[in-house]
Each structure stands twice: as structure tokens, then as C-alpha cells.
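Each chain gets a letter, A, B and so on, in the order the sequences are listed, and its residues count up from 1.
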Number of protein chains: 2
Amino acid sequence: MRIELNYKSGQSPYLQIVEQIKYAVAAGSIESHDPLPSIRSLAQELRINHNTVAKAYTELERSGIIATRAGKGCYVTDNHSPLKKSARRQILSDAVDGVIVEAFHLKIDHNTYLQVCEERWSAFEKRRKEKRPTKN
Amino acid sequence: MRIELNYKSGQSPYLQIVEQIKYAVAAGSIESHDPLPSIRSLAQELRINHNTVAKAYTELERSGIIATRAGKGCYVTDNHSPLKKSARRQILSDAVDGVIVEAFHLKIDHNTYLQVCEERWSAFEKRRKEKRPTKN
DNA sequence: TAAACTGTACTAATACAATAGAACAGTTAA
DNA sequence: TTAACTGTTCTATTGTATTAGTACAGTTTA
């Protein structure tokens, strides 16, 4: 799990860390109970203040993706999202709406849209299976 | 086309205007060549400074969604996205990746995901057809 | 031309996000 | 206990986003 900061992207470092870790968990690069690099070591590696990493980790903890314990460290959790099914579906629905608005302005047709939706899901699925072949 | 500002959302007013207009165009609530409310009249209606509305309109013009002309007003354009096909598909792909990461952390399964992707597209399509039934 | 409308440009005030430094507190192991 | 590691809290600084006020410029129409 390698985190890289892009200072030209315009996105703040702490948000880049949040996104990359969320992405890595979803893609199976890191799994439940895996330890994350400690706040200070990651900060040193990225040459930023440790509070910037701490802010990213706090945000991830708030989302239920990781757990932090003073003195121990940070770990990926397995119980993401305590929301009930209908609420989770609503959040997804809003996110999909955003993509559809984007697709419309990009003049993308229905078939291409569906194709991309399926392709990308398969790509994530594949990476997760490659990472833990015995568990599936 | 009614724009409403939510001051509790945390999103800045000018971005709310941008999003709502992009959404309205994608949903067919406003169509190509339709006039938008003038900068000053919309500002007065929303009780904000006209430069805030101007900023939103500038952003929309930069995205190729509307055209503004001093003295005349602002109109929805029809030529969105001058990017080539592969680039547009790449942008969509990245946006879909974001949704998939979100879906994973929401513990949403493949079927539900695909169902929502299709459902929401149909909902937009339906609204556009209802708006201009003779054109399709 | 004059008035009333359009959008635009410039400047300044304010608020907030982002980052950093220093000191604090919990955990482990020698 | 002590040392070395963990995360946490507090405060301060910096930079930038956001908004607003004012003055300017283009277009239309009476």
C-alpha cells in the first residue's frame, strides 16, 4: 500500500490520503484487520506534518473504515456502514445521479454508460479476487 | 427552473447554483437555447451578491454548458464537451470508480449496484422525454 | 441619444480550510 | 521504571475560497 501525493492536483494532501486508502480498501489492496502505517511514519515518508496524516485518519475513522487506538496504532475495520439498507441505497442513488449528469454533459450514450458501469465493477472484483484467491 | 440555496449543506452557494443548473439541463428541465435568469435577477431572488451568481455562470460557461453575452444574457448551449471520445469515456470511468468505492464501503452488492445504475438512467431519460414528447 | 437592462473587471473584507509546532496521554517491552 | 513507540489535543499561522461593493462596458429599445 503505497500513498503518493500529487501537489499539482489541487486536492489537499489529507484528502488525497483519505481517498487513496478508501480506494485501496475497496480494491482489496488492504484488508480488514491489516495495520496501516503509523501516523508519524507515514508523515515522515510523505514529508508532511504528522497532524495532516492524523486528520486523514480521523476522517477515515469517522467513516467507519479504520479504527485508531492511542498507543496501539490504526487498523482497517470490517464493519463498514452501520446505516440501514434503504439509507445506503439512497446514498448510492445520489452518487449515481451525479455520474449520470456528468455522462449527459459528456454526451455519452446509454450503452457506453452501462458498459463502463459493468466493466469498472468487474475490474474491482477481479483485483479483490487476485488479492485473496483462497477466500473466494 | 427553480434554484434553492441550502445554507446548512456546507456547500458554497455558487457551487449549489452550478450543480442545480447542470442537473436541470441533464434532466431536461431546461433545454438548449433556453434563457437563464439574468445574473442580477437571480441574485436578487436568492438575496446574494450578483457576483456570486456571475461566478457560477462563469464556471458553467467554462464547462461549455451555457453561453453568456454582455448586454444580451445567458443561454443554454447545445454543444457540450469538445473532448474526444476516449477522453470523455475516461472521465466517466473515473467518476464511476468513485461510485464503486462508495458502494463497496456501503456494502452494496453487484445486483443492487447495477439495478440502481439502470434505474437512475431510466429516471433521467423519462423526465427528458416527458419534457419534449414530440422530439423523441 | 438616453434610459434600462444585460454581463464584466477590479479591489477589498472575511471566513475557513489546511498545515504545522509543541506538549500531552496511552501502550508496550526491555 | 524507563524508553520508545503509538495516537490526541491545543494553539497559531498561512493561504485560499468566497463573497461583496463599486465602477465599467455591451445591447436594446423608446
Mind listing the closest non-hydrogen atom pair of A:Ile108 and A:Thr112 along with its distance? CG2-CB, 3.9 Å

Could you walk me through whether B:Gln115 and B:Asn111 pass the side-chain hydrogen bond (donor to acceptor under 3.5 Å, both in side chains) test, one step at a time? CA-CA 6 Å; B:Gln115 198 182 337; B:Asn111 283 338; over 6 Å; no

Worked verdict on B:Tyr57 versus B:Tyr14 for ring-ring contact (aromatic ring centres under 6.0 Å, His included): CA-CA 9 Å; B:Tyr57 279 21; B:Tyr14 96 90; over 10 Å; no

Expressed as a whole number of angstroms, how long is the span from B:Arg69:CZ to D:dG26:C1'? 10 Å

When we call it a touch if two heavy atoms are under 4.0 Å apart, what does B:Tyr57 touch: a base, just sugar-phosphate, or nothing? nothing

Of all heavy-atom pairs between A:Ser9 and A:Gln16, which one has the smallest distance, and what is that distance? OG-NE2, 3.2 Å

Taking the six-membered ring where the residue is Trp, are the ring centres of B:Phe104 and B:Tyr113 under 6.0 Å apart? no

Would you call A:Arg127 and A:Glu130 a salt bridge, using N to O less than 4.0 angstrom? no

Between C1' of D:dT19 and CG of B:Leu5, the distance in whole Å: 13 Å

Contacting residues from residues 38-52 of chain A, given that a heavy atom lies under 4.0 angstrom of DNA chain C: A:Arg40, A:Ile48, A:Asn49, A:His50, A:Asn51, A:Thr52

Donor-acceptor contact present, side-chain A:Gln20 to main-chain A:Glu4, <3.5 Å: yes

Think A:Thr68 has a side-chain N or O under 4.0 angstrom from the OP1 or OP2 of D:dT8? yes

Would you mind reading off the distance between A:Gln11 atom CD and D:dA17 atom C1', rounded to a whole angstrom? 16 Å

Starting from the 5' end of DNA chain C, give me the residue, A:Gly71 or A:Leu15, whose nearest nucleotide shows up first. A:Leu15

Between A:Arg89 and B:Glu119, does any side-chain N to carboxylate O distance fall below 4.0 Å? yes

Nucleotides bounding contact with chain A, strand DNA chain C, heavy-atom threshold 4.0 Å: C:dA18 to C:dT28

Check whether any side-chain nitrogen or oxygen of B:Lys72 sits under 4.0 Å from OP1 or OP2 of D:dG26, and answer yes or no. no

